[in-house]
Amino acid sequence: MGRPDLTLLPLPTAVTLLSRWITPHIPAKLLHAHEKISDADLLAVALLQKLHKMPYFSRWWRFLKLNHFAQFPSEPQARIRLARLTPVIEQLATEVQRLDFVAVDSEPLPVCTFKRAPRCKFPGARHGFSTAGPVYGFKLHAWSALNGRIAKYDIRPANEHDFTVLCEMNRDWPAYGGPKQIGDKGYQSGTCLTPPKANAKQVDPRWKDEYAAARKCIESAFSVLVAAGLRWGQIKTFLSLRLKVALHVLAHNLKFIDLSG
């Protein structure tokens with residue numbers, strides 16, 4: 001299980017390898033023989049942008065057209081087609097799997113600085129708070145397997161409480177084998193394993209010290225996503241936010257996928 005480091009391969013080779021894995025997952029109704037680049041190749045190129053930590057898709061697309069793929073279509077056409085592929089990418093990004101434990105947490109997804117929020121017209125964005133301070137926008141709520149793979153995620157307005165979103169995500173809990181959930185103090189409940197608060201009169205007997213170390217897997221996963229550019233660039237619609245998050249999660253999860261399969 002695993003994959004070669006795609007960032008070390010020649011770009012045409014990396015695109016071919018990724019495209020071969022993606023192709024069986026593209027719905028037949030989206031396949032068009034007349035297009036200059038297949039949807040699988042397009043998605044492979046978008047993923048490689050995230051893996052190479054290139055902040056701007058326009059510069060990445062221009063670089064590829066000038067140096068490797070002169071036959072590529074225009075950048076606006078590529079963006080339109082990627083937006084159309086968003087549901088496919090979201091489905092590829094995570095898969096239902098049986099797990100014994102998952103770590104749960106949230107990561108802020110600001111759509112602008114907090115000071116600019118009164119002038120921001122982003123649909124659905126809300127004021128909220130995180131451990132890093134106030135945020136205007138959304139939050140990425142996720143379950144992580146203990147190896148760091150993002151098993152499930154959801155994007156919700158920043159004002160929704162982490163535990164409320166977890167309860168909604170838990171509707172799929174049986175499909176994942178009913179894993180034990182490890183969270184921080186914001187998730188304290190009868191269903192989640194959380195560390196005791198400083199002023200707690202009674203400690204949850206289910207809590208073990210090793211759970212604190214295990215929970216770091218999701219913090220590390222979020223750190224990788226942020227370092228790869230999860231908060232970079234400007235977005236104007238919720239669909240573009242969904243696309244950005246899905247590409248980042250899929251790029252992160254590739255390290256756990258056997259691309260030869």
Side-chain contact, heavy-atom cut-off 4.5 Å: [X] with [Y]?
X: Pro134; Y: Phe129; value: yes
X: Thr23; Y: Ser38; value: no
X: Gln181; Y: Trp143; value: yes
X: Asp39; Y: Val88; value: no
X: Leu6; Y: Leu48; value: yes
X: Leu230; Y: Phe222; value: no
X: Leu254; Y: Leu18; value: yes

Could you report the tightest heavy-atom contact between [X] and [Y], atom names first, then the distance?
X: Leu243; Y: Ala83; answer: CD2-N, 4.1 Å
X: Ala151; Y: Gln97; answer: CB-NE2, 4.1 Å
X: Thr237; Y: Ser240; answer: O-OG, 2.6 Å
X: Ala103; Y: Ile218; answer: O-CD1, 3.3 Å
X: Pro157; Y: Arg126; answer: CB-CG, 3.8 Å
X: Ala40; Y: Ser19; answer: CB-OG, 3.4 Å

Restricting to pairs with a member in [range], which pass side-chain hydrogen bond (donor to acceptor under 3.5 Å, both in side chains), not counting sequence neighbours?
range: residues 64-77; result: Glu75-Arg79
range: residues 43-55; result: none
range: residues 214-223; result: Asp105-Arg215, Arg215-Glu219

Please answer: with hydrophobic residues joined when any side-chain heavy atoms are less than 4.5 Å apart, are [X] and [Y] in the same cluster?
X: Val249; Y: Ile22; value: no
X: Leu146; Y: Tyr187; value: no
X: Val245; Y: Trp232; value: no
X: Leu193; Y: Val102; value: no
X: Leu42; Y: Leu51; value: yes

Check step by step if side-chain contact (heavy atoms from CB on, under 4.5 Å) holds for Val111 and Phe238. CA-CA 10 Å; Val111 296; Phe238 187 67; over 6 Å; no
Apply side-chain contact (heavy atoms from CB on, under 4.5 Å) to the pair Trp21 and Asp258, showing each step before the final yes or no. CA-CA 9 Å; Trp21 173 74; Asp258 182 4; over 6 Å; no
Check: [Y] main-chain N/O paired with [X] side-chain donor or acceptor under 3.5 Å:
X: His25; Y: Gln91; value: no
X: Arg149; Y: Lys255; value: no
X: Lys139; Y: Asp154; value: no
X: Asn253; Y: Ile150; value: yes
X: Trp61; Y: Pro73; value: yes

If you measure from [atom1] on [X] to [atom2] on [Y], what distance do you get to the nearest 0.5 Å?
X: Asp184; Y: Ser106; atom1: CG; atom2: OG; answer: 7.5 Å
X: Lys152; Y: His141; atom1: NZ; atom2: NE2; answer: 12.5 Å
X: Phe138; Y: Glu107; atom1: CZ; atom2: CD; answer: 15.5 Å
X: Cys112; Y: Arg119; atom1: SG; atom2: CZ; answer: 8.5 Å
X: Leu239; Y: Leu82; atom1: CG; atom2: CG; answer: 10.5 Å
X: Ile89; Y: Leu250; atom1: CD1; atom2: CG; answer: 7.5 Å

Greater than 12 external heavy atoms within 6.0 Å of [X]'s [atom1]:
X: Trp60; atom1: CH2; answer: yes
X: Phe114; atom1: CZ; answer: yes
X: Glu168; atom1: CD; answer: yes
X: Asn159; atom1: CG; answer: yes
X: Lys180; atom1: NZ; answer: no

I want to know whether Tyr136 and Phe122 have ring centres closer than 6.0 Å.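 Centroid separation for Tyr136 and Phe122: 6.0 Å or greater.
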Can you classify the ring geometry of Phe69 versus Phe72 as parallel (below 30°), tilted (30 to 60°) or perpendicular (above 60°)?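 The rings of Phe69 and Phe72 lie parallel, inter-plane angle below 30°.
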Could you go step by step and tell me if Asn170 and Leu166 meet the side-chain contact (heavy atoms from CB on, under 4.5 Å) rule? CA-CA 6 Å; Asn170 278 352; Leu166 177 65; 3.8 Å; yes
Taking it one step at a time, do Glu90 and Arg242 satisfy salt bridge (charged side-chain N to carboxylate O under 4.0 Å, His left out)? CA-CA 8 Å; Glu90 290 175 329; Arg242 284 175 51 196; 2.8 Å; yes
Applying side-chain contact (heavy atoms from CB on, under 4.5 Å), run through Leu247 and Phe57 and close with a yes or a no. CA-CA 12 Å; Leu247 285 171; Phe57 183 77; over 6 Å; no
